[in-house]
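Since the structure comes first, as structure tokens, the remarks are kept for the end.
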Amino acid sequence: MSLPKAYTPKEYEDEIYGKWEKSGYFNPDNLDLPDDVPIFTISMPPPNATGQLHVGHTLGIALQDIMARYHRMRGDRTLWLPGVDHAAIATQNVVEKLLKKEGTSRHKIGREKFLRRVQEYVSQSKSTIENQTRKMGASCDWSRENYTMSPELSHAVHMQFKKMYDDGLIYRGERIVNWCPRCHSTLADDEVEHVEQKTKLYWIKYGPFILATTRPETKLGDTAVAVHPSDKRYKNMVGKKYQILGVLGKFEITVIADNAVDKNFGSGAVKVTPSHSFVDAEMAKKNNIPGKQIIDEDGLMMENCGKYAGMKTLEAREAIVKDMTIMGLIDHIDENYQHNLSICYRCQTPIEPLPSWQWFVAVDKEFKLKNKDLIKKFGKERATLKEISKWAVESGTIDIVPERFKKIYYQWMENLHDWCISRQIWFGHRVPVWYRGKKNDDEIYVGLEAPKRDGWIQDEDTLDTWFSSALWTWSTLLNKKDYQKYGRLEEWVEESPDLKNFHPTSVMETMHDIIFFWVARMIMMTLHAINQIPFKTVYLHGMVCDRHGKKMSKSKPETCIEPIAVSGKYGTDALRLSLIIGNTPGNPLRLSEQKIVSFRNFSNKLWNIGRFIEFNSEKNNFKEENEFETKTLADKWIMSKFNSLIAEATGDIDNYHFSHAGEKLYDFAWHALADWYIEIAKLQNDQNTHNLAHHVYVNLLKLLHPFTPFVTEKIYESFGAGKMLLIENWPIADDKKINSQAEQDFIIVQELIANIRLWKKDNRIGQNEIIKLQIAGADKIINSELSMINHLAKAEIKIISILAKSDFEVRNLKVSMVK
RNA sequence: GGGUUCGUAGCUCAGUUGGUUAGAGCGCCACGUUGACAUCGUGGAGGUCAGAGGUUCAAUUCCUCUCGGACCCACCA
């Protein structure tokens with residue numbers, strides 16, 4: 001089979017992927033490996049079930065696929081485990097939008113029907129993202145695919161909830177929570193984003209005080225005024241109660257002293273609304289001040305707000321300011337006050353802090369470790385989630401690449417508060433808790449299934465989507481068969497061979513923006529659940545930006561790279577290379593179509609080197625190692641360069657320097673093999689040279705395969721290899737072939753040729769015009785390479801010992817040229 | 001307020017423990033199509049390595065500051 005003139009990826013990629021998948025080699029069980037080979041595991045960060053694959057996914061897939069293919073070729077027992085995330089809020093939002101278009105809503109159709117609708121939607125879009133993942137060349141083991149909402153994983157989620165509850169690490173409590181009135185749910189602290197905003201700062205007359213606030217409407221919920229303990233202005237007032245005139249008449253506040261107050265801001269006195277502010281709630285709690293809730297879960301003013309009841313908070317603010325102005329309660333207003341507004345990371349709606357009953361994970365409460373190795377390394381039998389998670393990284397048990405994210409991780413861990421895990425949305429893992437009687441009753445049952453007796457009602461809430469994702473590395477490896485029979489996690493773990501074989505996973509590769517949402521939570525939860533770290537190394541990639549360095553957005557199609565479209569146009573290999581080369585961990589990458597085009601050109605170059613090799617190799621007689629000798633300087637040079645390349649590329653991949661490895665391979669293929677050795681092969685033009693070229697090229701294909709899997713596999717196939725490149729052996733560098741003398745000598749020849757070409761150009765001599773050349777010195781090298789120089793520089797060479805005119809130097813050579 | 005990171009050729013970026021003449025890709029300019037490839041080849045132009053100071057025999061590289069971008073955490077009403 002011979003290769004057509006140009007590489008047309010679109011024609012081959014699906015077919016190649018089909019062959020890989022059909023071979024079963026993505027599954028390490030089918031590779032018949034010796035028992036003692038190293039294990040390499042990557043858990044794929046599950047994309048959202050509703051999502052379309054974007055170029056950020058492609059980068060992740062490319063990086064993970066490089067590692068997976070490399071380790072597979074090294075002969076490691078390699079498992080790359082794929083899956084999909086149910087993405088609770090995100091998915092529910094999408095389906096709610098669909099319902100809205102149809103003129104209905106989740107409340108109209110009810111919980112059961114809504115969830116069925118979500119399920120239908122997910123099963124459809126799930127296969128979309130799976131197929132897009134295939135399109136990107138992911139060599140993951142689809143036979144082990146998981147879904148965070150599968151019955152098995154749900155069972156694991158419930159089990160872990162119960163385990164944490166039994167250990168006292170999960171509790172229910174009334175707290176101020178971040179509430180998104182649009183999502184109608186709580187949010188975790190890190191699901192809240194802050195945006196700078198200009199707003200009005202109202203200076204209001206407040207009994208004996210004048211104080212500044214951005215939210216006058218919360219005055220209806222005030223129960224205190226706080227001042228700094230050392231503030232002399234208010235010293236005598238602390239502890240006293242005052243009657244304050246408000247828009248609904250007089251109300252009482254207590255003056256409290258708290259260090260959280262800044263003496264220098266405003267008047268140094270701050271009104272305290274414990275039910276609608278985190279800071280205020282904390283101050284109130286310390287001083288035993290009650291709260292008064294005035295805003296409900298829809299973001300509306302509550303019944304206790306008199307004529308403002310039912311208004312949205314912003315409406316109420318306007319109305320109240322208007323009334324206060326009439327009453328003479330406004331001192332003055334600063335128009336352009338800059339502050340940070342808290343918004344929902346999903347829908348950008350301003351969040352409303354509210355008091356609410358929720359489930360929390362206690363991060364500062366000790367639990368008992370069971371794993372003896374872990375206890376030994378950690379040094380204690382008891383740990384809090386915070387302590388042990390911090391230790392895992394500090395001790396080097398888990399490594400983070402790039403290093404600087406360790407600091408970010410520590411900082412986050414140190415400031416961590418209890419994690420609110422209950423959500424008021426419908427799609428997700430239902431909290432496995434049942435109540436008898438009213439919800440707030442003392443009688444609570446936490447278990448894997450509903451209690452048998454009557455009268456129990458399940459908690460309405462679902463779990464934060466990251467709760468299930470936090471279990472991902474190990475819940476996906478649990479034994480799926482008869483999972484329901486397991487009542488205890490230890491038992492289930494014990495009977496799960498995959499978990500024993502493949503966990504802890506080797507590398508977690510993901511984008512740095514979810515280090516807290518996901519990476520940190522996996523570390524915490526896995527250390528508690530199974531007393532293991534979830535992974536040994538975390539590799540964090542940065543955001544893929546457009547060519548202006550801005551976040552890509554579908555609303556800007558001119559700079560937004562759509563991976564599926566681009567893959568069809570230039571090939572997946574080109575797209576992957578453009579994401580890998582020039583990229584460093586943790587840093588943003590600017591991607592443009594132009595860059596992808598240049599790597600499409602490289603795919604084609606590689607292809608055409610293949611065509612040349614194919615024409616000239618021993619026809620239909622492919623052997624793993626064609627026989628050849630390393631005879632000429634060029635032979636020695638290319639073998640030396642190539643064996644260095646093997647060593648360097650291998651080292652780079654081992655050290656997560658994927659860009660370096662890719663660049664070196666690109667450079668070797670184009671500027672060593674194609675530009676020089678192939679050209680020389682045309683001159684030497686004997687079977688030995690062609691066999692040597694064949695050898696170098698075939699092994700280069702192996703090195704390139706993790707980076708550009710499709711084109712390399714296709715060429716390899718057409719070369720008539722019986723085996724897929726996918727499972728070929730990774731080349732090993734032969735130090736004996738590394739020959740620095742040959743490399744130095746060859747550089748002299750290269751420079752000589754380049755200088756002759758330049759001289760011809762400077763003297764307006766046609767490139768194909770033959771010139772006469774006299775060279776003095778270094779006879780040994782030159783003599784043996786005469787024919788090469790003659791052809792590549794179009795010259796007739798004489799070696800002499802006297803210098804003529806038009807001189808220049810190449811190292812220690814003296815050269816003169818005449819037309 | 002605390003912290004991180006970047007500033008190298010027109011553009012995107014390398015530069016591996018400080019050491020000759022600072023590199024690549026793309027773009028640009030000139031020339032070149034005899035069967036691997038025009039998705040190509042050959043050659044070229046282009047940088048006071050953001051600025052200032054310091055350490056050193058030697059600084060793009062280490063330290064300090066300034067200017068200019070990006071980001072994270074915390075959050076002041």
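Around the NZ atom of A/Lys286, the shell of radius 6.0 Å holds more than 12 heavy atoms that belong to other residues, nucleotides or ligands. Taking a 6.0 Å sphere around CD of A/Glu394, one finds it holds more than 12 heavy atoms contributed by other residues, nucleotides or ligands. In A/Lys641, the NZ atom is not crowded: 12 or fewer heavy atoms of neighbouring residues, nucleotides or ligands sit closer than 6.0 Å.
Using a 30° and 60° split on the angle between ring planes, A/Trp670 and A/Tyr666 fall in the tilted class, from 30° to 60°. Ring pair A/Tyr337/A/His339 is tilted by interplanar angle, where 30° to 60° counts as tilted.
Here the nucleotide nearest the side chain of A/Glu679, chosen from B/rA36, B/rC76, B/rU39, is B/rA36. Among B/rG43, B/rC26, B/rA36, the nucleotide with an atom closest to any side-chain atom of A/Gln594 is B/rC26. Comparing B/rC76, B/rU39, B/rA36 by their nearest atom to the side chain of A/Asn604 picks out B/rU39.
In the interface, the side chain of A/His194 is paired with the base of B/rC75 through a donor and an acceptor atom under 3.5 Å apart. Side-chain N/O atoms of A/Gln767 and base N/O atoms of B/rC31 include a donor-acceptor pair closer than 3.5 Å. Looking at A/Lys5, its side chain has no donor and acceptor atom pair within 3.5 Å of the base of B/rA38. For A/Lys605 against B/rC37, a side-chain-to-base donor-acceptor contact under 3.5 Å is present. On a pure distance criterion of 3.5 Å, no polar donor-acceptor pair joins the side chain of A/Asn415 and the base of B/rC73.
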**Message:** Could you go through A/Tyr697 and A/Phe612, starting from their C-alpha distance and side-chain angles, then the distance that decides it, and tell me whether this counts as ring-ring contact (aromatic ring centres under 6.0 Å, His included)?
**Reply:** CA-CA 11 Å; A/Tyr697 181 67; A/Phe612 178 85; over 10 Å; no
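Checking B/rU5 for Watson-Crick or G-U wobble geometry (two distances, each under 3.5 Å) identifies B/rG69 as its partner. With a cut-off of 3.5 Å on both pairing distances, B/rA58 has no Watson-Crick or G-U wobble partner at all. When Watson-Crick and G-U wobble pairs are counted only if both distances are under 3.5 Å, B/rU34 pairs with no nucleotide at all. Under the Watson-Crick and G-U wobble criteria, each requiring two contacts below 3.5 Å, nucleotide B/rG53 is paired to B/rC63. Pairing of B/rC26, defined by two Watson-Crick or G-U wobble distances under 3.5 Å, is identified with B/rG10.
Checked against a 6.0 Å centroid threshold, the rings of A/Tyr234 and A/His228 do not count as neighbours.
Atom C1' of nucleotide B/rG25 and atom CG of A/Leu591 are separated by 14 Å, given to the nearest angstrom. Here the C1' atom of nucleotide B/rC37 and the OH atom of A/Tyr697 are 11 Å apart, to the nearest Å. Between A/Ile581 atom CD1 and B/rG23 atom P the separation is 20 Å, expressed in whole Å. Between the CD atom of A/Glu751 and the C1' atom of B/rU21 there is a distance of 12 Å, rounded to whole Å. The nearest whole Å value for the distance from the CD atom in A/Glu648 to the C1' atom in B/rA14 is 14 Å. One atom, CD of A/Glu282, and another, P of B/rC76, lie 11 Å apart when rounded to the nearest Å. Note: CG (A/Leu575) to P (B/rU39) measures 21 Å, nearest angstrom. Rounded to whole Å, the distance from NZ on A/Lys271 to C1' on B/rC76 is 14 Å.
Considering only side-chain N and O atoms, A/Trp670 lies under 4.0 angstrom from the phosphate OP1 or OP2 of B/rG41. Dashed line: the shortest gap from a side-chain N or O of A/Arg590 to OP1 or OP2 of B/rU12 is under 4.0 Å. A close approach under 4.0 Å does not occur between any side-chain nitrogen or oxygen of A/Ser603 and OP1 or OP2 of B/rU39.
Where A/Lys682 and A/Lys595 each meet RNA chain B at their nearest nucleotide, the meeting point lying more 5' is that of A/Lys595. Mapping A/Ile678 and A/Ser598 onto RNA chain B by nearest heavy atom places A/Ser598 at the nucleotide closer to the 5' end.
Using C1' as the reference atom, B/rU48 and B/rU60 are 12 Å apart when rounded to the nearest Å. When the P atom is used for both B/rA59 and B/rU21, the distance is 12 Å, rounded to whole Å.
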**Request:** Spell out protein contact along nucleotides 1-10 of chain B as letters: B when the base is contacted, S when just the sugar-phosphate is, - when no protein heavy atom is under 4.0 Å; keep the 5' to 3' order.
**Result:** -BSSS-----
